[in-house]
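What follows is one structure encoded as structure tokens, with my remarks underneath.
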Amino acid sequence: MTLLAVLSHLNRADGSATYTHNGYAIIGAVNGPIEVQRRDEMPEEATVEVNIRLAVGIGSPKERHLESLVHNTLRSIILTRSIPRTLVQITLQVTSLPEEEAASGVDSACTLLPHLLHTALLALLSASIPLSTALTSVVIAVPASASSKAGTTMLSPTAKELLRAKPIRATHVFAFSGNRKLLLSQSMGVFAYDEWGEACEMAEDVCCRDEGGVGLGEDMEVKGGQGNLEEWLRSVVQKKVEMEQRWRVAT
Amino acid sequence: MASANTATSTPALSFPRPIFAAISPHSFLQAHLSNPTAPNKAFRANGRSAHEFRTPGIKTGALTHCHGSAVVRVGNTSVVCGVRGEILRAEDIADPPSSTPDTGNEVHEDGGDDELDSLRLLVPNLELNTGSTPSNIPGSAPSSTAQTLITRIRSLLLSTRILRARDLRIVYTPPPATPDEVPDRQVKAYWTLYVDIMFISLDGNAFDSAWLAVLAALRDTRLPKAFFDQEMETILCSDIPSEAAPLKLRGCPVASTFAVFDGWKDGDATEGTEDWVLSDPDAFEEGVCQESVCVVVDCVGGRGSGQEQIRRIEKSGGGVVGREEMRGLVKRSVDRWTICEGVLKGVGSA
């Protein structure tokens with residue numbers, strides 16, 4: 001299961017991206033900077049609006065909660081002060097969820113959130129909205145120690161793995177900025193501070209590029225080349241830039 | 001115009017406090033917090049120090065038509081919460097859960113609570129009263145703030161597993177046909193708890209006070225004894241008050257919210273900017289701060305070892321609070337837990 005990203009494929013939106021990972025597929029579209037409604041206008045900042053549409057059914061308070069989380073996180077990385085009195089509108093349409101998602105017993109807000117954040121970021125990159133930094137995000141699940149694998153921490157588990165490892169004791173979602181700052185943390189279940197710290201460190205290793213040059217360990221290889229999220233993000237951006245610079249390179 | 005010029009001998013740009021706060025809230029708060037003469041004695045605009053919470057005041061049993069209720073007041077935030085139980089008959093459930101009902105022993109203490117979620121036995125609802133906060137427009141659909149709050153409360157109610165499904169089951173044991181036959185217990189109905197939260201006034205930190213109100217109301221809840229009547233083939237409730245039973249709650253998780261105030265970075269900032277993590281922010285501070293952290297701790301579970309359990313960490317909106325800062329925040333939340341637990345206990349005995 002690899003991360004798959006297609007950028008700028010919707011020609012009417014200012015920026016767009018489709019992101020596929022572990023059975024989740026999300027289309028993101030960004031319009032901005034555009035004119036803002038008088039009511040939402042802020043004199044010194046841009047307004048960020050996030051809309052999340054589900055794969056099935058109409059929106060519920062759960063989506064509003066996800067929207068506010070994505071909104072708060074993106075607002076901290078978009079340079080809103082450089083485009084004041086405008087609106088950046090982000091629409092995220094979930095197109096498919098893994099089949100086992102509902103049965104996994106984990107709050108769907110947790111498992112979906114990293115994918116939403118990645119999609120939104122890619123769409124923002126595609127729309128060339130000024131950003132202060134990039135972000136990467138990962139979900140970590142800790143099964144109850146009674147399970148067969150003796151409480152091994154699962155990094156970015158698939159819905160199937162979650163179903164197998166039921167019951168889950170704690171789930172954590174972390175998002176890190178490009179300069180290794182913790183942007184978002186959503187943890188639920190039962191855990192101690194030290195466990196949270198360990199999970200956080202683990203997430204940081206995956207999300208941020210290793211500065212020391214130490215390998216990421218064998219378990220990452222087993223995961224099927226998911227590798228480092230920041231490196232993946234860089235490769236996506238590199239491809240985008242190459243695409244845009246074709247006219248210069250072509251001779 | 002002329003009279004104004006003659007009357008003022010003070011420098012031209014000098015505002016009274018409320019106007020300064022309205023024009024430039026960020027620098028107003030920063031001016032309060034960065035006290036150059038006594039850096040560790042800085043106060044926020046509301047007179048509290050950065051680590052100071054507001055003391056909660058709780059009254060329970062105020063609503064007579066509810067099975068449990070509580071009024072919580074934290075500073076200028078006041079919340080009413082009422083818990084009402086209604087009976088959901090098992091025959092009305094389209095897809096009843098197949099799990100066997102508890103056999104009465106304590107072995108299944110920790111399992112089998114899936115019904116709470118799958119049958120939606122907990123229905124929290126939240127309302128912002130007209131005039132509770134200036135940003136609340138009456139007559140419109142619930143704002144996204146209200147919807148976010150209610151999602152967080154529902155999710156916390158379920159993920160902390162504070163309620164036991166066995167408290168909400170109405171079990172019927174048919175009389176045995178033969179003396180040595182083991183009777184099979186049937187779940188005839190469930191109690192559905194409607195948890196209604198109403199903000200009378202909202203001055204910041206809505207989640208903590210709402211959660212405290214829910215907790216106090218659930219602790220106050222006494223459900224009448226309900227039983228299945230064989231002759232009438234229906235569920236009846238006993239009207240004897242002494243037979244009403246309180247809910248047995250698991251633990252006592254308490255939420256603490258912090259707002260992160262980051263000092264101005266642009267302008268003529270010469271020395272390193274400073275960030276403040278403010279406990280229990282009020283509405284003014286929430287408007288200024290973008291990053292917020294919510295920690296839910298419960299110290300009941302690990303009382304022997306004195307080790308606290310974290311039930312939830314929610315942090316979003318910025319990158320100031322990292323791993324080390326979080327350690328301090330967990331510590332502050334544990335202190336907060338002690339205070340809130342004391343207040344909740346005091347309510348129970350009164």
Side-chain angles (χ1 to χ4, degrees), chain A residues 39 44-45 50 59-77 80-81 105-107 109-110 113 132-133 135 144 146 167 170-201 204, chain B residues 26 110-111 114 117 124-126 137 142-156 158-161 251 253 262 266 290-298 301-302 307-331 333-334:
Chain A
R39 192 181 43 162
E44 291 182 24
E45 282 174 61
V50 180
S60 64
K62 215 178 229 170
E63 278 67 60
R64 299 290 95 70
H65 179 45
L66 280 173
E67 278 171 11
S68 72
L69 287 175
V70 175
H71 172 267
N72 284 348
T73 312
L74 293 180
R75 195 176 56 171
S76 64
I77 66 162
T80 47
R81 289 183 168 273
V106 177
D107 197 344
C110 272
L113 190 55
S132 63
T133 179
L135 71 82
T171 44
H172 311 274
V173 179
F174 295 102
F176 284 91
S177 70
N179 43 9
R180 300 179 90 88
K181 286 218 169 122
L182 179 63
L183 282 182
L184 171 129
S185 162
Q186 293 280 314
S187 308
M188 54 179 76
V190 184
F191 51 96
Y193 170 77
D194 294 333
E195 291 170 306
W196 181 84
E198 268 169 38
C200 186
E201 234 167 278
E204 191 178 335
Chain B
H26 196 282
D110 285 334
D114 297 342
D117 188 16
N125 187 33
L126 186 138
I137 304 149
S143 63
S144 90
T145 332
Q147 294 192 37
T148 302
L149 269 176
I150 201 62
T151 315
R152 289 172 66 196
I153 285 173
R154 180 169 192 274
S155 151
L156 192 57
L158 292 174
S159 80
T160 53
R161 307 193 309 125
D262 50 345
D266 52 10
Q290 294 207 337
E291 183 176 348
S292 77
V293 185
C294 179
V295 183
V296 181
V297 290
D298 190 354
Q307 197 185 6
E308 74 279 0
Q309 277 183 337
I310 307 175
R311 291 339 251 311
R312 178 161 296 221
I313 290 179
E314 288 176 328
K315 170 213 138 81
S316 66
V320 174
V321 172
R323 265 199 293 283
E324 276 318 300
E325 290 85 355
M326 193 63 89
R327 186 189 290 275
L329 292 189
V330 170
K331 224 170 251 148
S333 312
V334 172

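In what follows, chains carry the letters A, B, and so on, assigned in the order in which the sequence lines appear, proteins first and then strands, with residues in each chain numbered from 1.
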For chain B, find which of A:E63, A:E204, A:H172 contributes the most heavy-atom pairs closer than 4.5 angstrom. A:E204
Closest non-hydrogen atom pair, A:Y193 against B:V330: CD1-CG2, 4.0 Å
Residue among A:S187, A:G197, A:S76 with most heavy-atom pairs under 4.5 Å to chain B: A:S187
Side chain from CB out, backbone as N, CA, C, O: work out which of these in B:R152 comes under 4.5 Å of a heavy atom of chain A, or both, or neither. side chain
Ignoring hydrogens, what is the shortest heavy-atom contact between A:M188 and B:S159? Give both atom names and the distance. CB-OG, 4.4 Å
Examine whether an atom of B:V295 lies under 4.5 Å from a heavy atom of chain A, and if so say whether it belongs to the side chain, the backbone or both; otherwise answer neither. neither
What distance separates A:T73 OG1 from B:K315 NZ, expressed to the nearest 0.5 Å? 9.0 Å
Only pairs of heavy atoms separated by less than 4.5 Å count here; which of B:G319, B:S144, B:P253 has the most with chain A? B:G319
Side chain / backbone / both / neither for A:S60 at chain B, heavy atoms under 4.5 Å: backbone
Rounded to the nearest 0.5 Å, how far apart are NE2 of B:H26 and CD of A:E44? 10.5 Å
Given B:E314 and A:V173, is the side-chain contact (heavy atoms from CB on, under 4.5 Å) satisfied, shown in steps? CA-CA 9 Å; B:E314 288 176 328; A:V173 179; over 6 Å; no
The reported gap from NE2 in A:H65 to CZ in B:R154 (rounded to nearest 0.5 angstrom) is 12.5 Å
Separation between OG1 (B:T148) and CG (A:L66), nearest 0.5 Å, reads 9.5 Å
Quick check for you: among A:N179, A:T133, A:N72, A:L183, which has the greatest number of heavy-atom pairs under 4.5 Å with chain B? A:L183
Nearest heavy-atom approach of A:P61 to B:I150 is CB-CG2, 4.2 Å
Restricting to non-hydrogen atoms, name the atom on B:R323 and the atom on A:C200 that form the minimum distance, rounded to 0.1 Å. NH1-SG, 3.3 Å
For chain B, find which of A:H71, A:E201, A:K62, A:E195 contributes the most heavy-atom pairs closer than 4.5 angstrom. A:E201
A:S68 versus chain B, the contacting section by heavy-atom distance below 4.5 Å: side chain
Would you call B:R311 and A:V190 a side-chain contact if the rule is heavy atoms closer than 4.5 Å? yes
Contacting region of B:I310 [heavy-atom separation from chain A under 4.5 Å]: both
